[in-house]
Amino acid sequence: MNFVDGQITRDGTLLLIESNIQELDFFQRPVPKHNWTIRIIKSESIDTVELKNIPLMPTEVDLFSDGTLLVVQGRCLKDGKYIERNARRYNPNGQLIEAFTLGDGISDMQIDETDTIWVSYFDEGIFGNFGWEQPMGSSGVIAYTMNGNKLWGASNYGIIDCYALNVLSSKEVYFFYYDDFYLVQLTEMNESFRYRVEGDDTIQQFMFDQAGLIGQVDMYTMMRFRIKNRTITPKEKLQLTDEHGKRINGPVFMRGTFLYVYGKDGIYKRKL
């Protein structure tokens, strides 16, 4: 099986998307039906959900509070009146419960403890492409019910591209966006803090710890950032190492206080 992507749930469970497909073309239409495997890694246990013959290429995955799984395809075609349903909810046996649309150009999707779905969008999902003249993601960050109905949108921020999203709970949602370079904290869909991010680095994902902020700025680079007077500035590069001090190379996942690294010798977890 080939690793495609992964995500941490709100309680620190790691979800991995796997497929036997060698090359993925996210613009291929109609979407070919394939089998996908979701690994659910929690503490020492690994559960597997097999999604058989589904017309979707999952790029995002998360769990609802009832244990059902939401898989989302980041690209979503609109062709006249036809609109793809690019979000599909499955039970742990891999049976489809419902399907709905979350729009095109999705950067991240995370679910909070109230089963609200938080979705961030990149520029094509905000300004329109792939048949969308009035894109669903025009606000840049949107909160939906578990059935895909819009609850809230970040329309007051003028988001051109949402670079990073981190949903700890309904009372602690963070997003970082271009072109203002603000990192915003929401509490129950209202802004509670705003930080100015300095420097030339694009933070792709991040988490807070006692010393400030840790951010991934590209596939190979982790940075430590300093927070002072509601301004975030780069401080130094970080090396991720195993228990023997050996550098770990591989995909990094960050959410809340949890950090995972998918190295060639195993999966490493750290709770800050």
Passes side chain to side chain contact (heavy atoms under 4.5 Å, CB included), Met189 versus Leu151? Steps please. CA-CA 9 Å; Met189 301 181 189; Leu151 291 170; 4.0 Å; yes
Any ring pair (Phe, Tyr, Trp, His ring centres under 6.0 Å) involving residues 53-93? Give me the pairs, sequence neighbours left out, ordered by first then second residue. none
Should the pair Arg255-Asp62 be classified as a salt bridge under the 4.0 Å nitrogen-to-oxygen rule? yes
Any ring pair (Phe, Tyr, Trp, His ring centres under 6.0 Å) pairs touching residues 240-263, not counting sequence neighbours? Phe3-Tyr262
Thr13 versus Asp11, side-chain donor and acceptor atoms under 3.5 Å: yes
In chain order, what residues pass the side-chain hydrogen bond (donor to acceptor under 3.5 Å, both in side chains) check against Asp112, with sequence neighbours excluded? Thr114, Trp118
Is it true that Asp47 and Lys42 have a side-chain N and a carboxylate O under 4.0 angstrom from each other? no
Arg89: which residues meet the salt bridge (charged side-chain N to carboxylate O under 4.0 Å, His left out) condition with it, sequence neighbours left out? Asp66, Glu98
Closer than 3.5 angstrom, by distance alone: can the side chain of Ser107 be matched with the main-chain N or O of Phe122 as a donor-acceptor pair? yes
Report yes or no: do Glu50 and Thr37 form a side-chain donor-acceptor pair below 3.5 Å? yes
Drop me the distance from Met57's CE to Asn86's CG, to the nearest 0.5 angstrom. 13.0 Å
More than 12 heavy atoms of other residues, nucleotides or ligands under 6.0 Å from CZ of Arg270: is that the case? no
Tell me, please, whether Phe100 has Arg85 positioned over its six-membered ring: NZ or CZ under 6.0 Å from the ring centre and within 45 degrees of its axis? no
Other residues, nucleotides, ligands: >12 heavy atoms within 6.0 Å of Phe27 CZ: yes
Residues forming a salt bridge (charged side-chain N to carboxylate O under 4.0 Å, His left out) with Lys81, sequence neighbours excluded: none
Can a side-chain donor-acceptor contact be found between Glu113 and Ser170 if the only test is distance below 3.5 angstrom? yes
By side-chain hydrogen bond (donor to acceptor under 3.5 Å, both in side chains), which residues pair with Thr48, not counting sequence neighbours? Arg39
Under 3.5 Å, which donor-acceptor pairs do the side chains of residues 156-166 form with other protein atoms, sequence neighbours left out?
{"unit_1": "Tyr157", "atom_1": "OH", "unit_2": "Glu191", "atom_2": "OE1", "d": "2.7"}
{"unit_1": "Asn166", "atom_1": "OD1", "unit_2": "Gly256", "atom_2": "N", "d": "3.0"}
{"unit_1": "Asn166", "atom_1": "ND2", "unit_2": "Phe206", "atom_2": "O", "d": "2.7"}

Donor-acceptor list for residues 130-142 side chains, cut-off 3.5 Å, not counting sequence neighbours:
{"unit_1": "Trp132", "atom_1": "NE1", "unit_2": "Cys76", "atom_2": "O", "d": "2.7"}

Check step by step if side chain to side chain contact (heavy atoms under 4.5 Å, CB included) holds for Leu186 and Trp152. CA-CA 11 Å; Leu186 302 175; Trp152 177 89; 3.4 Å; yes
Partners meeting side-chain hydrogen bond (donor to acceptor under 3.5 Å, both in side chains) with Arg75 (sequence neighbours left out): Asp104, Glu124
Listed partners of Arg224 passing salt bridge (charged side-chain N to carboxylate O under 4.0 Å, His left out), at least two apart: Asp209
Name all residues meeting the side-chain hydrogen bond (donor to acceptor under 3.5 Å, both in side chains) criterion together with Arg230; count only those two or more places apart in sequence or in a different chain, and write none if there are none. none
Using the side-chain hydrogen bond (donor to acceptor under 3.5 Å, both in side chains) rule, take Asn190 and Thr187 through it: C-alpha gap first, then chi angles, then the decisive distance, then the call. CA-CA 5 Å; Asn190 292 300; Thr187 301; over 6 Å; no
To the nearest 0.5 Å, how far apart are CD in Gln204 and CE in Met254? 11.0 Å
Checking Lys171 now: which residues fulfil salt bridge (charged side-chain N to carboxylate O under 4.0 Å, His left out) with it, not counting sequence neighbours? Glu188
Could you verify whether a donor N or O on one side chain and an acceptor N or O on the other, from Asn2 and Ser19, lie under 3.5 Å apart? no
Ring pair (Phe, Tyr, Trp, His ring centres under 6.0 Å) assessment of Tyr195 paired with Phe176: CA-CA 9 Å; Tyr195 303 91; Phe176 172 55; over 10 Å; no
For atom CD of Glu44, is the number of surrounding heavy atoms from other residues, nucleotides or ligands below 6.0 Å larger than 12? no
